[in-house]
Amino acid sequence: MPDASDGKLQLVEKHPRAIRWMHWINFPILSVMIWSGLLIYWGDSIPPYQHAHQVYRIGIGSWTLVRLFPDWFWNLLNAPYRITTGLGWHFLFMWLFAVNGVAYAIYLAVSGEWRVLWPHRKNFIDALWVTLYDLHVPAARRRGMPAQGKYNGAQKIAYTMVVLMGAGSLLTGLSIYKPTQAHWLTTMLGGYEMARWEHFWLTMGFCGFFLVHVAQVAMAGWNNFRAMVSGYEIQQAVSSKQEAADVQAVDGSE
């Protein structure tokens, strides 16, 4: 490592191997889960506009503002009449999703990584400034990015929400997979139809997170992406005094 006082670049460890493995394993698993889930939900669109629950629509009561997924979307997925295919893939990959998710939660707890992930009160204010900064709002640009550690405030909130959404997906999925055996869980979630609704919109939340996450990674550049692949990030070496000041600033925000 170069001398921290000469202004050179240094290689800094950022993501542990376990975090990286579970991150990349989860990507194809979740992709298959979403694809197979859509094959299952296709059945709710036939006949169109005639299902009382109408899981994927936005509206109040019988009034519908918009229904998701037009016919061209289903044809693009080759979804019509493939419900059993979707069920088969969904029931297979749900166990992989559950094992990977539980392993991730255990690792966070045992390793202490949860401490750098869990948001504090000030992080919610920081997240607002980070969002405004990314949107190129002049006031936020003049103010600059808030002091941060491994993750900024917006990342802490987003990544914590994803963990909670994963837990919610497992619980709602179990309640509609085994509504009789897990009747107590299905009842707690508001009944079978409500559990389906919750499961669907959690999935849409994952899709929204994925789009924003990919956009943010692209904006952050190759160095950020490389850190999730190799575990190391190239950073500008700073003096010991500056490093101590940065640590103090971050600790003061926690």
Side-chain angles (χ1 to χ4, degrees), residues 9-41 76-77 85-119 123 127 130-131 134 148-174 177 199-235:
L9 298 178
Q10 59 181 352
L11 200 60
V12 178
E13 185 176 5
K14 186 173 184 180
H15 299 296
R17 181 178 299 176
I19 294 291
R20 289 182 281 122
W21 270 91
M22 286 181 279
H23 172 275
W24 291 113
I25 288 173
N26 203 49
F27 175 72
I29 291 176
L30 194 56
S31 298
V32 174
M33 289 290 289
I34 293 174
W35 164 75
S36 59
L38 287 171
L39 297 187
I40 298 170
Y41 270 113
L76 182 66
L77 284 182
T85 300
L87 288 170
W89 283 104
H90 211 68
F91 293 160
L92 171 62
F93 274 76
M94 71 178 184
W95 297 113
L96 302 178
F97 179 74
V99 169
N100 192 57
V102 171
Y104 180 73
I106 292 175
Y107 178 81
L108 288 179
V110 174
S111 67
E113 279 287 311
W114 67 270
R115 294 186 180 90
V116 299
L117 186 67
W118 188 258
N123 293 140
V130 169
T131 303
D134 288 341
Q148 68 175 71
K150 184 175 180 178
Y151 304 112
N152 61 46
Q155 289 173 322
K156 286 185 175 184
I157 294 171
Y159 297 158
T160 300
M161 286 300 300
V162 166
V163 174
L164 297 178
M165 286 165 56
S169 294
L170 287 177
L171 292 175
T172 55
L174 177 61
Y177 174 52
H199 193 70
F200 175 80
W201 287 108
L202 282 168
T203 302
M204 292 300 100
F206 275 116
C207 292
F209 169 81
F210 174 75
L211 294 175
V212 174
H213 185 57
V214 170
Q216 290 286 353
V217 170
M219 291 173 59
W222 173 249
N223 191 37
N224 187 61
F225 177 82
R226 177 173 48 207
M228 185 51 76
V229 176
S230 67
Y232 292 88
E233 184 178 57
I234 297 176
Q235 296 180 4

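Computed from heavy atoms alone, side chains included, the values below leave out hydrogens, waters and symmetry copies.
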A.B. asks: Excluding sequence neighbours, so at least two apart, what forms side-chain contact (heavy atoms from CB on, under 4.5 Å) with Ile19?
C.D. replies: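 So Ile19 forms a side-chain contact (heavy atoms from CB on, under 4.5 Å) with Pro16, Tyr104, Tyr107, Leu108.
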A.B. asks: Kindly determine whether Leu170 and Phe97 satisfy side-chain contact (heavy atoms from CB on, under 4.5 Å), including the steps that lead there.
C.D. replies: CA-CA 9 Å; Leu170 287 177; Phe97 179 74; 3.6 Å; yes
A.B. asks: To the nearest 0.5 angstrom, please state how far the OG1 atom of Thr85 sits from the CH2 atom of Trp35.
C.D. replies: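 Answer for the OG1-CH2 pair, Thr85 versus Trp35, is 7.0 Å.
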A.B. asks: With a 4.5 Å limit on heavy-atom distance, are the side chains of Val116 and Glu113 in contact?
C.D. replies: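 Counting from C-beta outward, Val116 and Glu113 do come under 4.5 Å.
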A.B. asks: Mind listing the closest non-hydrogen atom pair of Cys207 and Ile34 along with its distance?
C.D. replies: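 Shortest heavy-atom separation between Cys207 and Ile34 comes out as SG-CD1, 3.9 Å.
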A.B. asks: Mark yes or no for whether Trp114, through its side chain, and Ala105, through its backbone, hold a donor-acceptor pair below 3.5 Å.
C.D. replies: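 Side chain of Trp114 to backbone of Ala105, a donor-acceptor pair under 3.5 Å: no, none is there.
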A.B. asks: I'd like to know whether Leu117 forms a side-chain contact (heavy atoms from CB on, under 4.5 Å) with Lys150, so could you lay out the CA-CA distance, the side-chain angles of the two residues, the decisive distance to 0.1 Å, and finally the verdict.
C.D. replies: CA-CA 9 Å; Leu117 186 67; Lys150 184 175 180 178; over 6 Å; no
A.B. asks: Determine the minimum heavy-atom distance between Leu202 and Thr172, stating which atoms define it.
C.D. replies: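 Residues Leu202 and Thr172, closest heavy atoms: CD1-OG1, 4.0 Å.
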A.B. asks: If you take all heavy atoms of Ser36 and His90, which pair is closest and at what distance?
C.D. replies: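 Here Ser36 and His90 meet closest at OG-ND1, 2.8 Å.
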A.B. asks: What heavy-atom pair brings His199 and Gly173 nearest, and what distance separates the two atoms?
C.D. replies: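 So the minimum-distance heavy-atom pair works out to ND1-N, 3.4 Å.
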A.B. asks: Please check if the number of heavy atoms outside Met161 that lie under 6.0 Å from its CE is greater than 12.
C.D. replies: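 Incorrect, the count does not exceed 12.
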A.B. asks: Distance from Ser230 atom OG to Glu13 atom CD, nearest 0.5 Å?
C.D. replies: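 Ser230 OG to Glu13 CD: 9.5 Å, rounded to 0.5 Å.
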A.B. asks: Would you check if the side chain of Arg20 reaches a backbone N or O of Met228 as a donor-acceptor pair within less than 3.5 Å?
C.D. replies: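 No; zero donor-acceptor contacts below 3.5 Å.
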A.B. asks: Looking at every non-hydrogen atom in both residues, tell me the closest pair between Ala154 and Val130 and how far apart they are.
C.D. replies: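 The pair with the smallest heavy-atom distance is CB-CG1, 4.0 Å.
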A.B. asks: What's the separation between atom CD1 in Ile29 and atom CH2 in Trp95, rounded to the nearest 0.5 Å?
C.D. replies: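 CH2 of Trp95 is found 14.0 Å from CD1 of Ile29.
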A.B. asks: Please round to the nearest 0.5 Å and tell me the distance separating atom CD1 of Ile25 and atom CG of Asn100.
C.D. replies: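 The CG atom of Asn100 is 5.5 Å from CD1 of Ile25, to the nearest 0.5 Å.
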A.B. asks: What residue pairs, at least two apart or across chains, pass side chain to side chain donor-acceptor pair (under 3.5 Å) with a residue in residues 202-223?
C.D. replies: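 Output for this query lists Asp134-Gln216, Asn223-Arg226.
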A.B. asks: Given the rule in the side-chain contact (heavy atoms from CB on, under 4.5 Å) test, do Asn224 and Glu233 qualify, once you have shown the distances and angles that lead to the verdict?
C.D. replies: CA-CA 7 Å; Asn224 187 61; Glu233 184 178 57; 4.2 Å; yes
A.B. asks: So for atom CH2, which belongs to Trp89, do other residues, nucleotides or ligands contribute more than 12 heavy atoms lying within a distance under 6.0 Å?
C.D. replies: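 Count not over threshold, so no.
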A.B. asks: Tell me the side chain to side chain donor-acceptor pair (under 3.5 Å) pairs involving residues 157-166, sequence neighbours left out?
C.D. replies: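 For residues 157-166, and leaving out neighbouring residues, there are no side chain to side chain donor-acceptor pair (under 3.5 Å) pairs at all.
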A.B. asks: For Phe206 and Val162, run side-chain contact (heavy atoms from CB on, under 4.5 Å): C-alpha distance rounded to whole Å, both residues' side-chain angles, the deciding distance at 0.1 Å, then the answer.
C.D. replies: CA-CA 7 Å; Phe206 275 116; Val162 166; 3.9 Å; yes
A.B. asks: Out of curiosity, Ser31 OG to Asn26 CG, how far, rounded to the nearest 0.5 Å?
C.D. replies: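 Result: 9.0 Å between the selected atoms.
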A.B. asks: Should we say atom OH of Tyr177 is surrounded by more than 12 heavy atoms from elsewhere, each under 6.0 Å from it?
C.D. replies: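 Enclosed: over 12 neighbouring heavy atoms sit under 6.0 Å from OH of Tyr177.
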